[in-house]
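Reading through the structure tokens given below for one structure.
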Amino acid sequence: MSLMIEDLSKQYSKNLRALKNISFSVQKGECIGIVGESGSGKSTLARILLGLEPFKEGVITFNGDPIAPRNRKLLREYRKNVQMIFQDATSTLNPKLPIWRSLLEPLENYKDFYPSFVEKGLTRMELAEQLLEIVGLEKQMVHRFPHELSGGQKQRVSIARAISLEPSLLVCDEPTASLDVTVQVQILKLLKELQQKTNMTVLFISHDIRAVAYICERVIVLKNGDLVDEFILDDIYDEERHPYTKALIQAASID
Ligand SMILES: Nc1ncnc2c1ncn2[C@@H]1O[C@H](COP(=O)(O)OP(=O)(O)OP(=O)(O)O)[C@@H](O)[C@H]1O
Ligand SMILES: [Mg+2]
């Protein structure tokens, strides 16, 4: 998989440019972090990448093909390949359905697909159980309802759901922001582990540069819709970092 973003801009209204001439590329198996304060354009970028938000300026190519194609078959393939995890797992889980139903929903949409990382020939219920076990939950939880799970457990379910289609790109928009610190670390560890196991590419969005530094090898910094800095993790403390990056680091007091 390769993802290229070239000169992407997004204008919501006359005076509001949420993204300004953003360019970067992402390689297979990479974990790339997008960091920036509230309103810097992170979620806008995520929604554009998922095809949930239209854009007029710039080009995004996925494996060489421009995205947002009119071709429905290509779009369907793209939607399978690119999955997203949101800050609030509650929004991805239907409160009226038991966990197994929400968990298997993506696979229901792609009936001829079967994940390679689970045993062959499982019943649907067994498949749901294995998916839960992969994200560190007890298989009995398939029968519970979302309100019977903690925030961290719900986020694990939404991760299991997102990886069930073996996406080549997983976009995580503040997946740990609503969780307490110890659970945050557990979820980050899980994401890192799954990423290494499946070799999927992860685009990890956070306002918390510590979380980004924990999981990502490369970091992009957005400020008011501008890409102001881009670096590999080894260079995070370099003198040449943008003053804004330095301020983020200082605010997080990881130096
Ligand atoms: N649907 C929309 N219509 C109009 N303006 C929007 C819309 N969505 C976002 N914006 C504006 O675009 C800018 C970027 O918003 P965005 O949600 O991308 O920021 P963010 O970096 O994700 O912030 P946060 O960390 O708070 O989630 C903000 O000024 C926001 O008010
Ligand atoms: Mg956001």
Side-chain angles (χ1 to χ4, degrees), residues 3 5-24 26 31-60 67-68 79 82-93 151-152 154-155 158-159 161-162 167 169-181 183-185 187-188 191 201-216 218-231 236 241-254:
L3 177 70
I5 291 116
E6 285 173 274
D7 250 351
L8 174 69
S9 294
K10 172 72 189 180
Q11 186 132 12
Y12 279 116
S13 60
K14 206 163 166 233
N15 299 318
L16 181 57
R17 270 162 74 84
L19 294 172
K20 302 166 195 162
N21 304 94
I22 302 291
S23 300
F24 64 94
V26 188
C31 183
I32 186 163
I34 312 272
V35 68
E37 66 198 343
S38 184
S40 57
K42 306 182 297 293
S43 296
T44 300
L45 177 62
R47 287 199 305 271
I48 288 176
L49 288 177
L50 265 286
L52 301 172
E53 185 86 67
F55 64 99
K56 290 197 193 109
E57 298 164 69
V59 182
I60 302 176
I67 71 156
R79 292 245 162 90
V82 183
Q83 293 290 317
M84 182 148 174
I85 300 172
F86 297 91
Q87 172 173 343
D88 181 11
T90 311
S91 62
T92 39
L93 305 177
K154 274 187 277 198
Q155 197 55 291
S158 70
I159 292 170
R161 188 178 183 277
L169 177 66
L170 181 66
V171 178
C172 310
D173 190 358
E174 307 259 13
T176 60
S178 59
L179 305 171
D180 70 45
V181 178
V183 183
Q184 275 185 30
V185 174
I187 296 288
L188 290 177
L191 279 172
T201 306
V202 174
L203 199 135
F204 182 85
I205 294 173
S206 180
H207 63 274
D208 180 358
I209 198 163
R210 279 170 306 184
V212 170
Y214 186 83
I215 183 170
C216 301
R218 201 152 61 87
V219 182
I220 279 170
V221 183
L222 292 184
K223 181 174 190 281
N224 293 328
D226 286 305
L227 194 163
V228 294
D229 205 0
E230 178 174 359
F231 55 92
I236 190 167
R241 290 282 65 78
H242 191 279
Y244 181 65
T245 309
K246 290 180 182 168
L248 287 177
I249 294 168
Q250 203 157 33
S253 65
I254 54 169

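Hydrogens, waters and symmetry mates play no part in the numbers below; they use all other heavy atoms, side chains included. Indexing begins at 1, ligand by ligand and atom by atom, following the structure's order.
The Mg ion (ligand 2) lies at 2.8 Å or more from every N, O or S atom belonging to Ser38.
Judged purely by atom type and a 3.5 angstrom limit, Lys42 uses its side chain to pair as donor or acceptor with the backbone of Gly36. Within the 3.5 Å criterion, the main-chain N or O of Phe86 finds a donor-acceptor partner in the side chain of Gln155. A donor-acceptor contact shorter than 3.5 Å links the side chain of Lys20 to the backbone of Asn224. A donor-acceptor contact shorter than 3.5 Å links the side chain of Gln184 to the backbone of Leu179. No donor-acceptor distance shorter than 3.5 angstrom exists from the side chain of Asp229 to the backbone of Thr245, with no hydrogens or angles considered. Proximity of a side-chain donor or acceptor of Ser206 to a complementary backbone N or O of Val35 within less than 3.5 Å is not detected.
Atoms of ligand 1 found under 4.0 Å from any heavy atom of Ser40, numbered from 1 in the order shown, are 19 (O), 21 (O). Here is the list of ligand 1 atoms found below 4.0 Å of a heavy atom in Glu37: 21 (O). Near Glu174, meaning under 4.0 Å from one of its heavy atoms, ligand 1 places the atoms 25 (O). The ligand atoms of ligand 1 that sit less than 4.0 angstrom from a heavy atom of Thr44 are 14 (C), 15 (O), 16 (P), 18 (O). For ligand 1 and Arg47, the ligand atoms under 4.0 Å from any heavy atom of the residue are 8 (N). Within the listing of ligand 1, atoms 12 (O), 13 (C) sit less than 4.0 angstrom from a heavy atom of Ala18.
Where the criterion is an N or O separation shorter than 3.5 Å, residue side chain and backbone included, Glu53 fails it with respect to ligand 1. Residue-to-ligand polar distances keep Gly36 apart from ligand 1: every N/O pair is separated by 3.5 Å or more. Looking at ligand 1, you won't find any N or O of His207 less than 3.5 Å from one of its N or O atoms.
A donor and an acceptor atom, one from each side chain of Asp88 and Thr90, are located under 3.5 Å apart. Using modelled atom types, one finds no donor on one side chain facing an acceptor on the other under 3.5 Å when comparing Glu37 with Ser40.
Among protein heavy atoms, the minimum distance from atom 2 (C) of ligand 1 is reached at Tyr12 CE2, 3.4 Å. Protein heavy atom closest to atom 17 (O) of ligand 1, with residue, atom name and distance, is Ser43 CB, 3.7 Å. Scanning the protein heavy atoms around atom 30 (C) of ligand 1, the nearest turns out to be Leu16 CD2, 4.6 Å. Protein heavy atom closest to atom 25 (O) of ligand 1, with residue, atom name and distance, is Lys42 NZ, 2.8 Å. For atom 14 (C) of ligand 1, the closest non-hydrogen atom of the protein is Gly39 O, 3.4 Å.
Counting heavy atoms only, Ser38 comes closest to atom 26 (O) of ligand 1 of the residues Gly41, Ser13, Ser38.
Atom CD1 of Ile205 and atom SG of Cys216 lie 10.0 Å apart (nearest 0.5 Å). Rounding to the nearest 0.5 angstrom, the gap separating the CD1 atom in Ile67 from the CG atom in Leu49 is 6.0 Å.
Shortest non-hydrogen contact noted between Ile215 and Cys31 is O-SG, 3.3 Å.
Not close to ligand 1: Gln87, with no non-hydrogen atom less than 4.0 angstrom away. The closest approach between Lys10 and ligand 1 stays at or above 4.0 Å for every heavy atom of the residue.
Here the options are Leu248, Leu227, Ile209, the test is side-chain contact (heavy atoms from CB on, under 4.5 Å), and the partner is Val221; only Leu248 passes.
Distance check on atom 19 (O) of ligand 1: some protein heavy atom falls below the 4.0 Å cut-off.
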